[in-house]
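Worksheet: one structure, shown below.
So you know, we letter chains A, B, ... as the sequences are listed, proteins then strands, and number each from 1. Computed from heavy atoms alone, side chains included, the values below leave out hydrogens, waters and symmetry copies.
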Amino acid sequence: AQSVTQLDSHVSVSEGTPVLLRCNYSSSYSPSLFWYVQHPNKGLQLLLKYTSAATLVKGINGFEAEFKKSETSFHLTKPSAHMSDAAEYFCVVMSGSARQLTFGSGTQLTVLP
Amino acid sequence: GAGVSQSPSNKVTEKGKDVELRCDPISGHTALYWYRQSLGQGLEFLIYFQGNSAPDKSGLPSDRFSAERTGGSVSTLTIQRTQQEDSAVYLCASSLAQGRTGELFFGEGSRLTVL
């Protein structure tokens, strides 16, 4: 069994300040973990993925995530928020085959000018 | 096209009517998924197709929901006798193959409103 919890349904930051979107997971197996972003009225787009290589993963648009097995966390960060980062972000865990993807409930990121 | 294409983008229907939602995956992608996204909710898995294998229908919420994939390409999700709780965005995704890649390419969704 696997699950994923996104700890904040909404996060609001000022432009130019750091972003932290939190994600905790549980998995019976060594998981693969992903962050997807969804802009309004758009499909989801892959930001980054962890698949048991380096624990610090770099993605598109300056986002990073660190896999911490001891904390069962995979938090998404960005040093400096941009207005275009405003979107909904989904943390996803996969154990075994790709059919077993489990999506978190999403975090809505608002970036204030 | 270059991406996953879904149609219609918006559908308004009356309770009790049947609807069909179409997904055209990226050419060459053997895996195809349908998800449902309700307001304020995460993505709910509905059904998964992989090549010529029997589909994984474990996420379909009731027997009013069905899906098929013809020729290993285009898929149609059918909802019979729609109910108001069926109102949601239905997302289709495709990927190259089953396995540990996990990278799905999503369409922009079909927004269904049942009055």
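From A:Leu46, atom CG reaches atom OG of B:Ser95 across 11.5 Å, with rounding to the nearest 0.5 Å. Considering CD of B:Glu44 and OG1 of A:Thr102, their distance stands at 12.0 Å, rounded to 0.5 Å.
Both B:Leu77 and B:Val114 are assigned to one and the same hydrophobic cluster, defined by single-linkage of ILVMFWY side chains at heavy-atom distances under 4.5 Å. A:Leu44 and B:Tyr33 fall within the same hydrophobic cluster, where Ile, Leu, Val, Met, Phe, Trp and Tyr residues are linked whenever their side-chain heavy atoms come under 4.5 Å apart, directly or through other members. Cluster membership for B:Ile79 and B:Phe45, using ILVMFWY side-chain heavy atoms within less than 4.5 angstrom, is not shared. Residues A:Met94 and A:Leu33 fall into different hydrophobic clusters, defined by Ile, Leu, Val, Met, Phe, Trp and Tyr side chains chained together at heavy-atom separations under 4.5 Å. Side-chain heavy atoms closer than 4.5 Å link hydrophobic residues (I, L, V, M, F, W, Y) into clusters, and following such links, even through other members, never connects B:Tyr35 to B:Leu60.
Only the side chain of A:Gln38 comes within contact range of chain B, with heavy atoms under 4.5 Å apart. Contacts between B:Gln37 and chain A at a heavy-atom distance below 4.5 Å involve the side chain alone, from C-beta outward. When heavy atoms are compared at a cutoff of 4.5 Å, B:Leu43 approaches chain A by way of both its backbone and its side chain.
Taking both residues in full, the closest heavy atoms of A:Asn41 and B:Arg111 are given as OD1-NH2, 3.9 Å, listed atom of the first, atom of the second, then distance.
The number of heavy-atom neighbours closer than 6.0 Å to CD of B:Glu14, taken from other residues, nucleotides and ligands shown, is 12 or below.
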Does the side chain to side chain contact (heavy atoms under 4.5 Å, CB included) test come out yes or no for B:Leu104 and A:Tyr36, once each step is laid out? CA-CA 10 Å; B:Leu104 273 59; A:Tyr36 279 81; 3.7 Å; yes

